[in-house]
Visitor: 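Quick one: the structure is below, and I'll ask about it shortly.
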Number of protein chains: 2
Amino acid sequence: MNQPKNKSQEKVGEIMELISLKTFKAVVDEAGIKGASDKLNTVQSNISSRIQRLEQELGVRLFQLKGRKLELTANGKLLYPYACQILQLEKQAKDAIRIHEGQYELVIGTPETFAAIHLPRALKGLRREHSHIQPRIYTATSGQLISAVKNNTVDCAFVGGHIINDDFVSIPAVVEKMVKITASDGHYDPVLFVRGEGCGYRQAALAWQREMGNTEQQLMEMSSVDGVLGCVAAGLGYTIMGWDMVRNNRYEDSLAVEALTDHHANLQISLIYKNDCLLETGIQALASFFAP
Amino acid sequence: MNQPKNKSQEKVGEIMELISLKTFKAVVDEAGIKGASDKLNTVQSNISSRIQRLEQELGVRLFQLKGRKLELTANGKLLYPYACQILQLEKQAKDAIRIHEGQYELVIGTPETFAAIHLPRALKGLRREHSHIQPRIYTATSGQLISAVKNNTVDCAFVGGHIINDDFVSIPAVVEKMVKITASDGHYDPVLFVRGEGCGYRQAALAWQREMGNTEQQLMEMSSVDGVLGCVAAGLGYTIMGWDMVRNNRYEDSLAVEALTDHHANLQISLIYKNDCLLETGIQALASFFAP
DNA sequence: TTCAATAGTTCTCAAAAAGAGAATCTTTTG
DNA sequence: CAAAAGATTCTCTTTTTGAGAACTATTGAA
């Protein structure tokens with residue numbers, strides 16, 4: 001932010017507003033005004049002026065231009081943890097009231113793949129047995145989902161693998177049988193198809209490939225599961241995924257699967273949430289639909 | 001608040017604003033819209049509409065009319081502690097930045113009596129040796145000051161007696177010699193003059209009177225120390241106060257003092273503050289001017 | 001019972017603030 | 001050096017806020 005020209009009367013001491021804090025946090029988290037304006041769906045100029053307002057209210061600069069990026073000042077760094085805490089309390093206050101009212105929204109983070117295969121059944125059950133919970137789905141990659149939980153962007157999320165963090169509670173949801181998928185005619189190129197950065201299957205596939213010593217193989221990245229399976233069905237390569245991805249897939253008949261072995265055989269998918277989350281009972285209700 | 005007519009689209013979910021929370025807290029603390037509007041210096045209609053806005057944002061009622069007073073609903077009671085915590089964090093965030101900037105405001109609560117006698121010297125020293133601290137004085141009775149500290153209305157306060165509360169830090173400031181004050185000619189009516197509710201001297205005086213077994217004596221309440229001393233000088237009664245109150249007082253020559261004994265002899269006045277206060281070093285600087 | 005005082009709400013209008021979009025400036029990148 | 005990316009500034013419109021007056025309901029006193 002550039003210093004406000006030279007308005008002699010800097011009105012310091014006015015009350016900070018939450019919209020300013022939310023904007024501030026978004027700018028920090030999304031590393032810039034552009035990202036923040038997308039996240040908060042508004043235009044850049046608004047973000048810019050909200051930050052300027054906040055800077056005026058506090059009487060200090062929070063960012064400084066470094067090239068064409070913004071950089072937190074010392075005061076900005078000081079404010080950030082307070083902003084997070086205040087916004088979290090705001091959310092908790094609302095949650096507390098919603099819970100008391102009986103009706104509340106539960107924001108569920110999930111990778112697209114999980115949303116397509118495993119989630120629908122659980123959501124149906126949730127609606128039937130816990131109609132006071134209004135689920136809202138937020139899709140992102142496993143990697144992004146972990147920060148989304150930390151961030152309180154979502155109340156809980158389904159992610160692959162194990163989370164080693166004391167701030168989270170992790171409930172096992174499903175175990176996916178991991179398989180190597182090839183064209184059903186047995187002819188395929190030695191190319192490993194994977195999904196983009198952040199996908200749980202990608203990590204599993206790369207780990208498997210590494211242990212097999214096939215690191216020199218060509219890697220092919222695609223953003224959708226269907227895209228990957230289509231290419232594999234066409235004999236352009238092979239992939240590693242959960243078996244469930246293949247069943248009922250449009251290419252199912254053209255694909256052959258082979259179960260992985262040992263520690264690659266299964267991918268544990270867990271439902272995680274922060275352990276100070278007020279919506280815990282709702283989350284456990286959701287988890288109950290995955291109980292064995 | 002009366003239910004908003006029947007605006008079909010209740011816009012629930014908008015961000016809570018701090019001004020709303022501050023207003024909400026003020027209405028609760030001051031037990032009504034009137035008090036809150038005085039405290040936040042604005043008109044009643046604004047308070048009323050801010051509360052209605054907040055109620056809309058949350059989608060619930062926070063108050064209900066009980067006669068011509070407002071009463072917190074269950075949801076209001078739920079919100080209150082969050083509001084307090086959020087507002088306190090806001091204050092702390094600002095403090096953190098101010099401290100980092102070097103300059104900061106220290107709001108000092110004091111009874112009028114203390115402000116007149118003991119405080120000026122310390123403020124002078126503070127200004128000389130810690131010019132980065134900008135002291136602001138808030139006067140109220142000892143009783144009110146304790147809640148003001150709890151409330152974060154003030155950063156610290158001078159109060160009589162001992163505070164038994166783990167949330168406070170208490171630094172001894174001065175010890176006042178308590179004396180019984182009468183007209184210098186020895187003739188006075190058996191009437192005890194005291195200051196209004198909440199005054200530290202009043203409590204001391206009443207405690208002494210009780211132990212002397214003079215509870216049947218007439219009690220006369222006056223709002224100012226000078227008023228009390230004037231009446232006592234005129235022989236209308238006697239009073240119990242700190243000796244310092246008499247020294248250099250306009251009526252000094254017409255008054256006789258007699259030291260109290262035992263546990264009545266001294267009144268400890270301490271500087272208290274919340275132990276999570278960021279301005280601790282400033283407060284200790286203030287206290288240092290009272291060190292023995 | 002009536003009347004004044006008190007507390008809260010509603011309504012209206014003017015002033016202030018916030019948002020959208022276009023234009024501008026600056027740095028980075030190809 | 002041109003194009004792209006990111007941030008800021010400016011303008012205009014819409015929305016929100018606030019002050020004040022009028023209104024309603026309760027309380028308390030004469």
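Residue numbers begin at 1 in each chain, while the letters A, B, ... track the order of the sequences. Atom set for the values below is all heavy atoms of this structure, side chains included, hydrogens, waters and symmetry mates excluded. Just so you know, these numbers come straight off a predicted model, no measurement behind them.
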Visitor: Can you measure B:Q56 atom CD to C:dT10 atom P for me and round it to whole angstrom units?
Guide: 11 Å
Visitor: Send over the distance from A:K69 NZ to D:dA4 P, rounded to a whole Å.
Guide: 18 Å
Visitor: Looking at A:R53 and A:E57, does any basic side-chain N land under 4.0 Å from a carboxylate oxygen?
Guide: no
Visitor: If the helix axis at each end comes from five base pairs, how far does the helix from C:dT1-D:dA30 to C:dG30-D:dC1 deviate from straight, to 10°?
Guide: 20°
Visitor: Residues two or more places apart in sequence or in another chain: which of them pass ring pair (Phe, Tyr, Trp, His ring centres under 6.0 Å) with A:F158?
Guide: A:F114, A:F290
Visitor: Grab the two heavy atoms, one from A:M222 and one from A:C231, that are nearest each other, plus how far apart they are.
Guide: SD-SG, 3.5 Å
Visitor: Using a 4.0 Å heavy-atom cut-off, write out nucleotides 19-29 of chain C from 5' to 3' as B (base contacted by protein), S (sugar-phosphate only) or - (no contact).
Guide: BBB-----BB-
Visitor: Quick one: list whatever passes side chain to side chain donor-acceptor pair (under 3.5 Å) with A:N75, sequence neighbours left out.
Guide: B:H100, B:E101
Visitor: Indicate yes or no: does B:D155 engage B:K91 in a salt bridge with an N to O separation below 4.0 Å.
Guide: yes
Visitor: Indicate whether the side chain of B:Y80 and that of B:D29 have a donor and an acceptor atom separated by less than 3.5 Å.
Guide: yes
Visitor: If I take atom CD in residue B:Q52 and atom P in nucleotide C:dT9, what distance separates them, rounded to the nearest angstrom?
Guide: 6 Å
Visitor: Who passes salt bridge (Lys or Arg N to Asp or Glu O under 4.0 Å) against A:R68, sequence neighbours left out?
Guide: none
Visitor: Rounded to the nearest angstrom, tell me the gap between atom CD1 in A:I51 and atom P in D:dG6.
Guide: 17 Å
Visitor: Give the rounded distance in Å between these two atoms: CG of B:L62 and P of C:dG8.
Guide: 15 Å
Visitor: Tell me every residue that passes side chain to side chain donor-acceptor pair (under 3.5 Å) with B:Q44, counting only those two or more places apart in sequence or in another chain.
Guide: none
Visitor: Please give, in whole Å, the distance from C:dA5 C1' to B:Q44 CD?
Guide: 13 Å
Visitor: Does B:R202 pair with B:E221 as a salt bridge, N-O distance under 4.0 Å?
Guide: yes
Visitor: Please report, rounded to the nearest Å, how far the P atom of C:dA7 is from the NZ atom of B:K39.
Guide: 17 Å
Visitor: Report the distance from atom CD of B:E17 to atom P of C:dA17, rounded to the nearest whole Å.
Guide: 14 Å
